[in-house]
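Below is one structure, written out as structure tokens; the observations come after it.
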Amino acid sequence: MLAISPTDRVFVLTGAGVSAESGIPTFRGVGGLWRNYRIEEVASPHAWRRDPRLVWEFYSMRRRVAGAAKPNSAHLALAKLEQKLQDRLFLCTQNVDDLHEQSGSMRVVHMHGELFKSRCDRCSRPPFHDTNTYDPPAELPRCECGGRIRPHICWFGEVPFESERIFRALDECTIFMAVGTSGVVEPAASFVAHVSDRARTIYVGPEEPANLSAFTECHLGKAGEVLPEFLALQTWKI
Ligand code: OAD
């Protein structure tokens, strides 16, 4: 059980594993997306320049899968934690689905972008809500400026979103918890090392992550089974 004092600030980093029990495939491991798709063909600026249709096919498929998914008890436990801690919880996700929001989390930071947003690849038009799917032979969407509309996703080789806010929150946190992330993709994989000299560091997931040695605690199990009990309301010392 996690004891949280009135002065604690909690940073939670979630990864694909937190949405696995909602039916959204992870990237690595058995059934992982990167087993069936090559990252460089669907999730990089190079892929976008070379074959935007294939890129949209991939993200259209992901929009369909995520659009049908519902939050699980891990998302709900984190939303309840936010209700209790308010801005003393910083919820940073590598996930591009909206299941944290669907479960009631109000302050989610999507460092890798959002699946249900698109933006222009040329002009400064802000990212906009977009649930459309663009499967060939459909015409690919264009901006008024003539640029191509692309998914609002941080691709490999691009800079993750909200880095300044994220590192400020890491500097302030006293408890760091990573849930359902394999610990191989930077910069998120190094967040734990950034705080480990002064914060309590906890990992939750069914397998040990690649960066396990930087954590002080590891709770093996599915997020949907571990988190509701670990974050149980009645045990909080606030
Ligand atoms: P990965 O697919 O690399 O890792 C998923 C992790 O979830 C693994 O460590 C699994 O053990 C764990 N897992 C599986 N089922 C779980 C469950 N029920 N509860 C908790 N954990 C579970 O996903 P990420 O680490 O999130 O980036 O991947 C990081 C980034 O790599 C993604 O955001 C994506 C990807 O390429 C971009 O697309 C930019």
Side-chain angles (χ1 to χ4, degrees), residues 12-48 54-56 58-63 65-66 69-78 91-100 103 108-117 150-163 166 176-192 202-215 217-231:
V12 175
L13 170 70
T14 62
V18 89
S19 295
E21 288 158 82
S22 295
I24 300 183
T26 59
F27 295 93
R28 297 168 185 82
V30 182
L33 280 177
W34 298 150
R35 293 263 170 124
N36 299 314
Y37 293 89
R38 289 164 61 87
I39 294 177
E40 59 276 20
E41 284 177 4
V42 292
S44 71
H46 173 72
W48 180 244
L54 183 62
V55 174
W56 263 124
F58 177 66
Y59 286 99
S60 295
M61 176 277 289
R62 293 188 58 196
R63 279 184 179 180
V65 172
K70 293 280 165 261
N72 63 55
S73 44
H75 298 105
L76 289 165
L78 288 165
L91 177 55
C92 175
T93 187
Q94 297 166 89
N95 298 345
V96 297
D97 64 56
D98 62 358
L99 296 184
H100 283 305
S103 71
V108 189
V109 173
H110 285 271
M111 63 179 293
H112 288 168
E114 293 176 68
L115 193 52
F116 296 110
K117 284 189 179 172
R150 58 164 277 181
H152 182 51
I153 300 283
C154 171
W155 286 326
F156 284 86
E158 295 186 319
V159 180
F161 302 106
E162 309 256 30
S163 289
I166 290 170
F176 174 89
M177 182 161 68
V179 186
T181 175
S182 54
V184 295
V185 174
E186 296 293 354
S190 292
F191 288 175
V192 60
I202 303 157
Y203 182 76
V204 176
E207 300 164 283
E208 294 179 348
N211 55 355
L212 177 72
S213 61
F215 287 91
E217 285 169 50
C218 177
H219 299 263
L220 288 181
K222 291 181 175 180
E225 291 167 8
V226 175
L227 286 192
E229 203 177 318
F230 191 57
L231 303 177

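Ligands are counted one by one from 1 in listed order, and the atoms in each one are counted from 1 as well.
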Residues forming a side-chain contact (heavy atoms from CB on, under 4.5 Å) with Ala20, sequence neighbours excluded: Thr26
In residues 30-39, what donor-acceptor pairs under 3.5 Å come from side-chain atoms, sequence neighbours left out?
from: Arg38; atom 1: NE; to: Glu41; atom 2: OE2; distance (Å): 3.3
from: Arg38; atom 1: NH2; to: Glu40; atom 2: OE2; distance (Å): 2.8

Qualifying salt bridge (charged side-chain N to carboxylate O under 4.0 Å, His left out) pairs, either residue in residues 15-27, two or more places apart: none
Residues lining ligand 1 [heavy-atom distance under 4.0 Å, listed by chain and residue number]: Gly15, Ala16, Gly17, Ala20, Glu21, Thr26, Phe27, Arg28, Trp34, Gln94, His112, Cys154, Phe156, Gly180, Thr181, Ser182, Val185, Tyr203, Gly205, Pro206, Glu207, Lys222, Ala223
Derivation and outcome, side chain to side chain contact (heavy atoms under 4.5 Å, CB included), residues Thr14 and His75: CA-CA 10 Å; Thr14 62; His75 298 105; over 6 Å; no
Given Arg150, His112, His46, the one that forms side chain to side chain contact (heavy atoms under 4.5 Å, CB included) with Trp155: Arg150
Aromatic ring pairing Tyr203/Phe215, orientation class (parallel under 30°, perpendicular over 60°, tilted between): perpendicular
